[in-house]
Structures are given as structure tokens and as C-alpha cells.
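Proteins come first, then strands; the chains are lettered A, B, ... in the order of their sequence lines, and each starts at number 1.
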2 protein chains.
Amino acid sequence: MHYPSKLVEEAVNEISKLPSIGKKTALRLVLHLLKQEEKFTLSLAEALIKLRTDTTYCLACHNISDTSICHICANPQRDRSLICVVEDTPDVIAIENTNQYNGLYHILGGVISPIEGISPSELNIDSLIERVSQAPDTKEIILAISATMEGDTTSFYITKRLHSANVKVTALARGVPVGSELEYTDEVTLGRSILSRIKYGG
Amino acid sequence: MHYPSKLVEEAVNEISKLPSIGKKTALRLVLHLLKQEEKFTLSLAEALIKLRTDTTYCLACHNISDTSICHICANPQRDRSLICVVEDTPDVIAIENTNQYNGLYHILGGVISPIEGISPSELNIDSLIERVSQAPDTKEIILAISATMEGDTTSFYITKRLHSANVKVTALARGVPVGSELEYTDEVTLGRSILSRIKYGG
């Protein structure tokens, strides 16, 4: 591509390193920035720098945080007897958006995947076991991990590791999604939801 | 949305101000940046700041430039008798990528549009007329403006304004795009390309 300026080319190259942003989209963004007031770009750049240099990870749950203990772990209103184990930050955001959960979280940082070379030691599993053993208030561990083969492997591994701890281990309900039509639900999900059928009204 | 940190929220808000990037995409980009090394984000931010503070517009053609005269206008190899009039920078990039044109450019900054309130005085038309009158070498003005009603109005206006200048005014050929099948070409384009048929081989 023939760029009108070196600085435009550099900015396009940097932006197009981001996931799912190609050179054409990056150029469109660059031209947009050039049309806006200078402070628009400066405050964007400042927010990015601050984000990367000032955020840290919560020492307790490993979620992204502005402080060494995140606002969920530090909140005295949260139920400390529940720990919900998730893969990553977007899962915490998704569960928080439901307004159905008031316990704590534990972020694994991924799932066990031999294909991608991710072994249990690379995930925050040891720290979960330690956390449970040091917090006798913990009554239940909720495994909110993807319904994939890797996710199931991870759930199974964690359950085994928690065997000696005196906690209940539960997992998210699997079944027909709310609002979906039965005929379009995949067979595996439908089959499982017949086997795990619940008392109506419960 | 419940963000895990204020800094994440601020970064998401800033990024989602960009065109066609929503909050979900912005969050995905933020989480990606947090997973990369710090210098990845810092060099992105630096490129954005440099882009916005150090680029300027070429005094001759109004294209984005690192210097007061852009590298196309400053290039002695370019044919100074040709000026190609375009709407904006992406058009220059598109024409340069064809490797079929070796003249100069003039960027209008848009097209005349009464609906969007863009009058001729807001475009770089006066400077084009002045440029032509001050450069007696100019032999041909090529109008490479969108084939829309606004584009045609703009082309017509410029042609009228250039009437007194002793230059040839041409426009891009309109016809069936290369590689397209006849039956899928729209009727207006097909009709025009019959009327403006050319000698075969020419």
C-alpha cells in the first residue's frame, strides 16, 4: 500500500497488530483520528498507557484490578462461602451482568489444553486449592467453565484436586437455553437436558 | 456492564468512540492488550500520539503529509501537467496502488452535499482554481470523484469554475468493472457503457 505519510504508515501498522483489525480498517481508524480534535487521540492514547501500566491482577482471585485486592474480593457484602471458578475476565463480567451471583470468583487464566500446550501448572489451580484450604468459610466451589472438551477436562481435574477439601463442588446447569426453540436445539444438549430434567417449577 | 477495573472501563469507553467499534469489541481489544507485553501498548499509544500531533496537510494538494509539501508534490519524477482531483486520502492511496498514474493530486476534502450542509466554500475548490492559474504547466485536470449524485454535482461545479482556465478537464471512465459478469452489472452502468462504447482494442 502507498501511504501518504510515514506516520500514517506506522500508526496503521501498530493498529493492525490488534486482533481482527486489518490494514484497511486500521487506515479508516487513522483517517478518523486525523479528522477529530487532537485531544480525542491524546485521551485515547493516555487511556491505553494507563490501562497497561497501572492495572494489576488481584492477589486473591487473579482478576484484572486497579488495586492489589479487587473490588469484588474487597467487598464485605459479597458471600465469602461461594467461589465461582471461571476461565477469564469476560466470564466474570458476563456473570456479574446477570445480577444472580453474589459470591467471590477465581480466574484460572484459561483451560487445560494439551493441543495448545497448556498444562494445569500454567493455570491458577494451585492458588485455588491453597485459597480454599486457607479460607475455612468456603462452602461451595461453582465451576463455571466452558462446555467444551478442554473445559470438561479442567472441571474434572479441579474436582479431583479439591477432593480432600471439605467443600461442595457444583457446575453450571446444562440444558436448553432460555428463549431457544426446541427443534433448533442441538441433539447433545437436548439429550442431556432430558437426562437431567428437573421438577417443574423448580 | 460491570467492569473489573476503572482503568479497563475508561479504556473501553475511549476505544468504543472509534467508528464501528462497540463496547464488546473494545473490551476484547483491552483484554488482548493486557495479555501482551507492556511495550506493545506503549508503541501503539506512541504511534497514535505522533500521528495526531506531527502529521500536517500538504500546502499544495491538501493530502496528509509529514512535511509542509507532501512526497508526491515534492517528487520531481511526477508529471506536473496532470492534476487528479479526488475526495479524500483513501482515493489517493487507491489510485497510487494501481501504478497507472504519475501526475499530481488535489484533495477536495469531500463533495458538495446540500443535505449534509457541505457547500463548495468548505471544500478545497478555491485553492484548486488558484493552483491551476498559478501553474501554467497544468494541461489536464482529471476528476476522480465518486459516481454519485453529490459527486456528479461536484464535478460539474468544478468544471464550470475551471471554464476560464486553459486546461482540459477529464473524468474517470464509467463502464462495466473489470472481472464482472455482464448479467450482474446494474442497468444504469450497462446502459451508459453501451452509449460510451469504445473502439475495440483501444
Looking at V92(B), T53(B), T67(B), L27(B), which has the largest count of heavy-atom pairs under 4.5 Å with chain A?
T53(B)
Please flag which part of Y105(B) lies under 4.5 Å from any non-hydrogen atom of chain A: side chain, backbone, both or neither.
neither
Relative to chain A, which segment of I93(B) carries a heavy atom at a distance below 4.5 Å: side chain, backbone, both, or neither?
both
Between E10(B), K50(B), M1(B), which has the largest tally of heavy atom pairs under 4.5 Å with chain A?
M1(B)
So what's closer than 4.5 Å to chain A heavy atoms on E9(B): side chain, backbone, both or neither?
neither
What part of V30(B) gets within 4.5 angstrom of chain A, counting heavy atoms only: side chain, backbone, both, or neither?
both
Could you state the interatomic distance from NZ (K6(B)) to CG (D66(A)), rounded to the nearest 0.5 Å?
9.0 Å
Crowding at CG, D186(A) (>12 non-hydrogen neighbours, <6.0 Å):
yes
Between E14(A) and S43(B), a side-chain donor and acceptor under 3.5 Å
yes
Between P19(B), S20(B), S65(B), P90(B), which residue shows the highest count of heavy-atom pairs closer than 4.5 Å to chain A?
P19(B)
Straight-line distance of S5(B) OG to L51(A) CG, nearest 0.5 Å:
7.0 Å
Is it the case that over 12 heavy atoms from other parts of the model lie below 6.0 angstrom from the CG atom of D137(B)?
yes
Just do the side chain to side chain contact (heavy atoms under 4.5 Å, CB included) check on H2(A) and I95(B) with the steps written out, would you?
CA-CA 9 Å; H2(A) 294 78; I95(B) 295 174; over 6 Å; no
Any non-hydrogen side-chain atom of L31(A) less than 4.5 Å from a side-chain atom of D88(B)?
no
Heavy-atom neighbours of K168(B) NZ exceed 12 at 6.0 Å:
no
When L34(B), N13(B), I72(B), I64(B) are compared by non-hydrogen pairs under 4.5 Å with chain A, the top option
L34(B)
Do T41(A) and I49(B) have side chains that approach each other closer than 4.5 Å (heavy atoms only, starting at C-beta)?
no
Working note: R52(A) + L7(B), criterion side chain to side chain contact (heavy atoms under 4.5 Å, CB included); need CA distance, chi angles, decisive distance, verdict.
CA-CA 9 Å; R52(A) 194 58 190 83; L7(B) 295 171; over 6 Å; no
Could you tell me whether Q134(B) atom CD has more than 12 heavy atoms of other residues or ligands within 6.0 Å of it?
yes
Find the one option among A45(B), P4(B), C58(B), A47(B) whose heavy-atom pairs under 4.5 Å with chain A are most numerous.
P4(B)
Applying side chain to side chain contact (heavy atoms under 4.5 Å, CB included), run through L44(A) and L48(B) and close with a yes or a no.
CA-CA 9 Å; L44(A) 168 64; L48(B) 294 179; 3.9 Å; yes
Closest approach of H71(A) to Y3(B) (non-hydrogen atoms, all atoms of both residues)
NE2-O, 3.4 Å
Interchain contact, K24(B) with chain A, by part (heavy-atom threshold 4.5 Å)
neither
T25(B) versus chain A, heavy atoms under 4.5 Å apart: side chain, backbone, both or neither?
neither
Identify which part of Q36(B) has an atom lying under 4.5 Å from any heavy atom of chain A, answering side chain, backbone, both or neither.
backbone
Let me know if N63(B) has heavy atoms under 4.5 Å from chain A in its side chain, its backbone, both or neither.
side chain
Looking only at heavy atoms, the pair that brings L18(A) and H32(B) closest together is CD2-CD2, 4.2 Å
If you draw a 6.0 Å radius around CZ in R192(A), do more than 12 non-hydrogen atoms from other residues or ligands fall strictly inside?
no
